[in-house]
2 protein chains.
Amino acid sequence: MGNQLEIRHLKYFLAVAEELHYRKAAERLYISQPGLSRQIKQMEEDLQLQLFSRNNRKVELTKAGAYLKTEIVRNLKNLDNIIEHAKLLHDGVEGNLKMGYVGSAMQKIIPNLLLKLKEVYPNTVFSLNEMNNQKQIDALLAEDIDVGFVRLDRVPERIAIKPVLIENFCLVLPKAHPIEENNFSSIKQLENDSFILFDPNYSISYYEKVMRIFDDAGFSPTVTHNTIHAGSIYKLVENNFGVSIVPRSLQVEHIKGVKFIELKQVPHKTTLSFVWNKDNRNPILKQFLKNIINKM
Amino acid sequence: MGNQLEIRHLKYFLAVAEELHYRKAAERLYISQPGLSRQIKQMEEDLQLQLFSRNNRKVELTKAGAYLKTEIVRNLKNLDNIIEHAKLLHDGVEGNLKMGYVGSAMQKIIPNLLLKLKEVYPNTVFSLNEMNNQKQIDALLAEDIDVGFVRLDRVPERIAIKPVLIENFCLVLPKAHPIEENNFSSIKQLENDSFILFDPNYSISYYEKVMRIFDDAGFSPTVTHNTIHAGSIYKLVENNFGVSIVPRSLQVEHIKGVKFIELKQVPHKTTLSFVWNKDNRNPILKQFLKNIINKM
DNA sequence: TTAATTAATAATAAAATAGTATTATTTTGA
DNA sequence: TCAAAATAATACTATTTTATTATTAATTAA
């Protein structure tokens with residue numbers, strides 16, 4: 001085969017496969033359209049297969065082309081990860097682990113974890129990215145992150161899941177609210193309060209679980225505010241905009257204007273789970289699972 | 001980064017990483033040594049890391065270089081697999097599945113399987129390679145084959161294993177041998193016969209299992225011949241060179257000069273297992289596991 | 001100490017890629 | 001229906017990149 005396939009060809013191909021338009025793809029690649037045409041043709045000749053079916057006007061992926069598109073994306077991303085890791089090795093770092101987490105894990109789980117990690121892996125780089133549940137799953141599948149902390153009960157097949165914290169919910173009330181730990185019996189007592197909850201868009205499954213608490217109590221809450229930060233919830237509660245329900249691990253002692261009541265009698269629990277991609281070959285992940293996660 | 005990493009660089013790098021010698025590597029690549037030097041230097045500049053530590057005389061991989069070597073081999077092999085599969089798609093074939101198997105699976109398991117496969121996947125190409133147990137494991141890890149049939153009890157972590165046939169052993173005797181189905185009680189009766197067995201190099205664990213049968217019976221057999229083909233065993237037995245023990249599935253009806261006695265009372269069984277690499281993403285493999293293997 | 005061997009460098013030759021101008025087709029819209 | 005616009009391909013030229021040859025500095029072995 002007189003020619004040799006190069007990464008250049010793969011990248012050019014992906015651009016055309018995404019744009020399905022030679023001129024636009026060429027623009028994106030900062031090269032001329034005829035040059036791109038020729039490189040794609042060369043790639044087709046080298047692989048001895050047709051990537052696109054095109055009739056001077058329409059550009060469409062063939063079956064083989066469509067398959068190559070997804071697999072080459074994956075292969076090139078893998079190469080990037082390899083190189084990134086090699087650079088870290090070169091800098092004297094043992095490895096790196098990219099973590100995703102939902103905001104509610106930052107209160108207690110993640111900070112403790114980070115302390116432990118720094119001790120056990122002094123030469124490993126840990127990067128943290130707050131993302132919602134679904135974003136983490138997507139990022140795991142694309143191998144953009146190595147591990148995640150989510151509040152989900154079900155995950156796709158390629159993703160492994162391990163619960164790390166099963167906890168009760170907590171009521172968040174303003175300090176002056178008539179309901180106290182000792183006169184609280186049911187959430188029904190809050191039927192007339194308005195509720196500040198986490199935005200359902202942030203995590204549908206979490207939101208639905210909270211709604212089931214109200215269902216069981218036999219009323220629909222008035223939801224006046226949606227937010228994605230526990231801090232905002234506390235501020236709103238403190239200023240009498242309403243009351244809230246949060247996972248117990250978000251309970252903080254030193255907040256002045258609010259008080260917490262743990263819903264011990266409510267059967268619904270929220271589970272913070274650790275997730276990772278079964279295909280992920282980051283050597284740090286393996287140790288991480290063995291030394292950290294299994295001891296939580 | 002003025003330059004762009006290409007597959008050429010990766011292949012050149014692998015050659016030097018394997019030879020640890022620029023001139024020899026250049027020879028292997030059919031290019032000149034200075035050209036190779038420059039390309040490696042270019043790759044180091046592009047990646048911003050040192051691949052080799054070299055002092056005009058000695059060439060050694062750095063830590064990052066050693067890591068890159070194994071991972072790039074894997075990445076390039078993956079790219080090859082992708083392209084191979086795409087070519088098959090282009091030829092109107094749905095997919096391909098490369099199978100390894102130990103010879104003893106060819107008697108009954110593989111032929112039946114192939115018939116079923118041709119029915120269920122008329123547009124898939126199946127390639128068969130007879131290899132011993134260890135070779136199959138190595139080939140699976142290198143993704144040279146997709147699935148295997150082995151007689152092993154333990155496999156490495158990245159390999160999944162599923163038993164498909166647990167069977168008794170069988171004595172193979174010449175037709176004229178005094179021992180018959182009805183006067184046979186223990187293998188001890190064959191203490192003075194010489195034995196023809198499968199070569200221990202072909203599969204140590206299988207050989208050891210057979211030896212345990214003799215241990216339990218309380219004698220050490222005289223092993224006069226080692227072979228790796230059931231057919232050779234039968235020929236040798238037929239011509240009174242000795243007797244043998246084989247898995248029951250190797251029992252064939254229409255062999256003239258030999259007779260079989262199933263060792264029903266012997267607790268040792270031999271297990272033919274189906275194995276595959278957990279990381280393997282061949283779409284045919286997934287269907288194969290669901291539709292064929294789980295129904296065996 | 002000399003000869004041989006190694007990887008790197010410099011200069012030049014060869015090859016490959018990219019760009020410009022142009023063309024054959026096809027679509028769009030007046 | 002016909003002109004204008006837009007698309008991908010082709011031909012040719014310029015530019016860039018890669019490869020080769022000749023040579024050098026450094027190291028080892030005889």
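For the numbers below, each heavy atom of this structure counts, side chains included, while hydrogens, waters and symmetry mates do not. Order of the sequence lines sets the chain letters (A, B, ...), proteins ahead of strands, with each chain counted from 1.
Residue whose closest nucleotide on DNA chain C sits further toward the 5' end, between B:Lys41 and B:His21: B:His21. Mapping B:Arg23 and B:Pro34 onto DNA chain C by nearest heavy atom places B:Arg23 closer to the 5' end of the strand.
If you take CD of B:Gln4 and P of D:dT18, they are 11 Å apart, rounded to a whole angstrom. When rounded to the nearest whole Å, the span between CG of A:Leu20 and C1' of D:dA8 equals 14 Å. Atom CD of B:Glu44 is separated from atom P of C:dA7 by 14 Å (rounded to the nearest Å). When the C1' atom of D:dT18 is taken as reference, atom CG of B:Leu36 falls 13 Å away, rounded to whole Å. The distance from atom CD of A:Glu6 to atom C1' of D:dT17 is 12 Å, rounded to the nearest whole Å. Nucleotide C:dT17 holds its P atom 13 Å from the CD1 atom of A:Ile40, rounded to whole Å. Summarising the geometry, the separation between CD1 on A:Ile31 and P on C:dA18 is reported as 6 Å, rounded to the nearest angstrom. As rounded to whole Å, 14 Å separates atom C1' of D:dA8 from atom NZ of A:Lys24.
Taking every heavy atom of both residues into account, A:Thr62 and A:Phe52 meet most closely at CG2-C, 3.8 Å. The shortest heavy-atom contact between A:Arg151 and A:Ser203 is O-OG, 4.1 Å. Nearest approach of A:Val102 to A:Asn133, heavy atoms of both residues: CG1-OD1, 3.2 Å.
Within the nucleic acid shown, B:Arg38 comes within 4.0 Å of at least one base atom, counting heavy atoms only. Heavy atoms of A:Tyr12 sit under 4.0 angstrom from primed sugar atoms or phosphate atoms, though from no base atom.
The aromatic rings of B:Phe126 and B:Tyr121 lie tilted to each other, with the angle between the two planes from 30° to 60°.
A salt bridge links A:Glu19 with A:Arg28: the distance from a Lys NZ or Arg NE/NH1/NH2 to an Asp or Glu carboxylate oxygen falls below 4.0 Å.
Distance from the side chain of A:Gln33 is smallest for D:dA9 among the nucleotides C:dA7, D:dA9, C:dT17. Closest approach to the A:Ser37 side chain among D:dA9, D:dA19, C:dA18 is made by D:dA9 (side chain taken as heavy atoms from C-beta onward).
A donor and an acceptor atom never sit less than 3.5 Å apart when one is taken from the side chain of B:Gln39 and the other from the base of D:dA19.
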